[in-house]
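Read through the structure below, which is laid out as structure tokens, and then see the notes.
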Amino acid sequence: MTVLVTRPGSEGQSLCQQLADEGIQAIHHPLIRIVDSTLAENLGSQLKNSDIVIAVSHHAVTAAQSILSKTSSIWPTSPLYLGVGQKTAHILSKSCKQKVNYPQVSDSEHLLKLAELNSVNNKSILILRGNGGRELIRDSLIKRGAQVSYCETYRREYIPINDHNIYQTWVNKKTSKVVITSQEQLEYLCSIIPDEYLAWLSTRQLFVPSQRIAERAQQLGFSNVTNTQSATNQILLAALRP
């Protein structure tokens with residue numbers, strides 16, 4: 001059994017190392033890279049003018065911290081801070097030095113059920129995110145009467161696969177499980193994989209972190225999808241054990 005891990009950066013490398021430590025062969029092939037955005041210079045003032053700040057990923061927090069450091073700004077104490085998941089909330093709490101609440105299930109739908117977001121009429125809410133995504137949070141909060149804005153603290157860039165031999169390598173190494181941690185990665189992989197490998201890919205066991213991504217994977221033709229309900233490496237590792 002070989003596990004294909006598409007999670008980007010050091011976290012993907014770490015998951016592969018943890019799998020290797022347990023005797024499970026893994027291939028790390030990130031499909032996107034994370035880079036700081038150049039569009040968020042006014043992040044400091046946006047934070048100060050917000051009643052509630054929502055971070056949708058730990059990448060959004062670490063990139064925001066980097067931007068604030070470059071502009072000699074700090075996290076204000078006045079907003080209420082929320083994270084989409086436990087890891088995001090933990091990193092945000094360390095950065096802003098405040099308590100950060102989060103839903104037990106790490107997705108937009110459960111975040112919107114938090115008590116802090118029940119009465120948001122006329123509240124100013126800032127969503128820290130990458131380039132695109134999490135429209136459900138914004139649209140739902142606007143319906144509740146909030147004034148919602150985005151700050152794109154980082155950008156996700158697609159990594160092209162120029163060598164078609166890579167797909168054959170995945171087959172040759174008997175890849176049976178694939179880890180995909182975002183819908184964007186899923187859509188991208190399905191759009192670039194050559195037709196002759198699509199049927200093979202769709203029969204691999206796919207591990208995704210939310211019901212929304214699981215449903216989209218099934219729409220795209222995947223027949224064996226496992227929703228881990230979290231994108232943390234610890235939970236992914238537990239799900240990937242034979």
Side-chain angles (χ1 to χ4, degrees), residues 7-12 30 32-103 106-158 181-185 209 231-232:
R7 158 162 263 173
S10 59
E11 285 199 299
I32 58 174
R33 64 173 68 91
I34 307 292
V35 295
D36 285 359
S37 172
T38 55
L39 305 172
E41 290 96 345
N42 63 341
L43 172 61
S45 60
Q46 282 185 281
L47 289 168
K48 281 178 195 163
N49 294 325
S50 301
D51 298 305
I52 300 173
V53 175
I54 298 171
V56 304
S57 71
H58 65 277
H59 293 304
V61 180
T62 51
Q65 181 64 62
S66 171
I67 292 158
L68 292 176
S69 299
K70 285 175 191 165
T71 54
S72 302
S73 305
I74 58 168
W75 296 88
T77 56
S78 51
L80 176 74
Y81 290 94
L82 300 173
V84 165
Q86 182 178 13
K87 182 171 185 179
T88 300
H90 176 67
I91 293 171
L92 179 55
S93 183
K94 281 177 71 174
S95 297
C96 70
K97 309 288 192 289
Q98 293 192 68
K99 184 176 181 292
V100 179
N101 199 8
Y102 60 91
S106 308
D107 61 23
S108 302
E109 291 82 355
H110 287 83
L111 177 90
L112 288 163
K113 291 177 182 175
L114 290 178
E116 292 90 338
L117 296 177
N118 280 345
S119 304
V120 292
N121 193 37
N122 292 325
K123 292 276 179 77
S124 176
I125 301 178
L126 179 65
I127 299 174
L128 305 178
R129 66 168 188 172
N131 47 316
R134 302 292 179 171
E135 276 78 13
L136 175 65
I137 298 175
R138 175 182 176 272
D139 294 348
S140 300
L141 293 174
I142 286 173
K143 283 179 186 169
R144 296 177 192 180
Q147 296 160 356
V148 186
S149 53
Y150 289 125
C151 181
E152 293 184 358
T153 61
Y154 70 95
R155 296 189 64 78
R156 297 179 298 274
E157 295 180 349
Y158 294 124
T181 50
S182 74
Q183 185 168 328
E184 192 171 24
Q185 294 167 41
T232 63

For this session: Kindly say whether E152 contributes a backbone atom to a donor-acceptor pair with the side chain of S37 at under 3.5 angstrom?
Result: yes
Exercise. Is there a donor-acceptor pair closer than 3.5 Å between any side-chain N or O of S95 and the backbone N or O of I91?
Worked result: yes
Seminar exercise, completed: Sequence neighbours excluded, the answer for side chain to side chain donor-acceptor pair (under 3.5 Å) partners of S57 is Y154
Exercise. Does R7 use its side chain to pair, donor to acceptor, with the backbone of A231 at less than 3.5 Å?
Worked result: yes
Seminar exercise, completed: One should read off an interatomic distance between L136 CG and D107 CG, to the nearest 0.5 angstrom, of 9.0 Å
For this session: Enumerate the residue pairs fulfilling ring pair (Phe, Tyr, Trp, His ring centres under 6.0 Å) with a member in residues 35-56, sequence neighbours excluded, ordered by first and then second residue.
Result: none
Exercise. Rounded to the nearest 0.5 Å, how far does CZ of R156 lie from CZ of R129?
Worked result: 8.0 Å
Problem set entry | Main-chain N/O of A60 paired with T153 side-chain donor or acceptor, under 3.5 Å | yes
Exercise. Taking side chain as C-beta onward, heavy atoms only, is E109 less than 4.5 Å from P103?
Worked result: no
For this session: Would you sort out whether Y150 and R138 count as a side-chain contact (heavy atoms from CB on, under 4.5 Å), showing the intermediate values?
Result: CA-CA 9 Å; Y150 289 125; R138 175 182 176 272; 3.2 Å; yes
Contacts under 3.5 angstrom, residues 113-127 side chains, donor-acceptor by atom type, not counting sequence neighbours:
unit_1 : atom_1 : unit_2 : atom_2 : d
E116   : OE1    : N101   : ND2    : 3.4
E116   : OE2    : N101   : ND2    : 2.9
S124   : OG     : N49    : O      : 3.2

Exercise. Looking only at atom types and distance, does a side-chain atom of N42 sit under 3.5 Å from a main-chain N or O of S45, one as donor and one as acceptor?
Worked result: no
For this session: Could you tell me whether the side chain of E157 reaches within less than 4.5 Å of the side chain of V35, counting heavy atoms only?
Result: yes
Problem set entry | Closest contact, heavy atoms only, D36 versus S66 | OD2-OG, 2.9 Å
For this session: Could you pull out the closest heavy-atom pair between I74 and L68, with the gap in Å?
Result: C-CD1, 4.3 Å
Problem set entry | Q65 backbone acceptor or donor facing S69 side chain under 3.5 Å | yes
Exercise. Just checking, is any N or O donor in the side chain of S50 or Q46 under 3.5 Å from an acceptor N or O on the other one?
Worked result: no
Exercise. So, for T62 and H59, which heavy atoms are closest and what is the spacing to 0.1 Å?
Worked result: OG1-O, 3.2 Å
Seminar exercise, completed: Distance col, row L43:CG vs K48:NZ, nearest 0.5 angstrom, shows 10.5 Å
Problem set entry | Separation between CD1 of I142 and CD of Q147, rounded to the nearest 0.5 Å | 9.5 Å
For this session: Taking all heavy atoms of G83 and all of L111, pick out the closest pair and write down the distance.
Result: O-CD1, 3.5 Å
For this session: Identify the heavy atoms of P79 and V53 that sit nearest to each other, and give their distance.
Result: CB-CG2, 3.8 Å
Exercise. Near E184 CD, under 6.0 Å, is it more than 12 heavy atoms from other residues, nucleotides or ligands?
Worked result: yes
For this session: Could you tell me which non-hydrogen atom of T88 sits nearest to which non-hydrogen atom of A55, and how far apart they are?
Result: CG2-O, 3.6 Å
Problem set entry | Straight-line distance of L80 CG to L82 CG, nearest 0.5 Å | 5.0 Å
Seminar exercise, completed: Rounding to 0.5 Å, atoms CG (L112) and CG (L141) come to a distance of 5.5 Å
Exercise. Can you tell me if Q98 uses its side chain to pair, donor with acceptor, with the backbone of P76 under 3.5 Å?
Worked result: yes
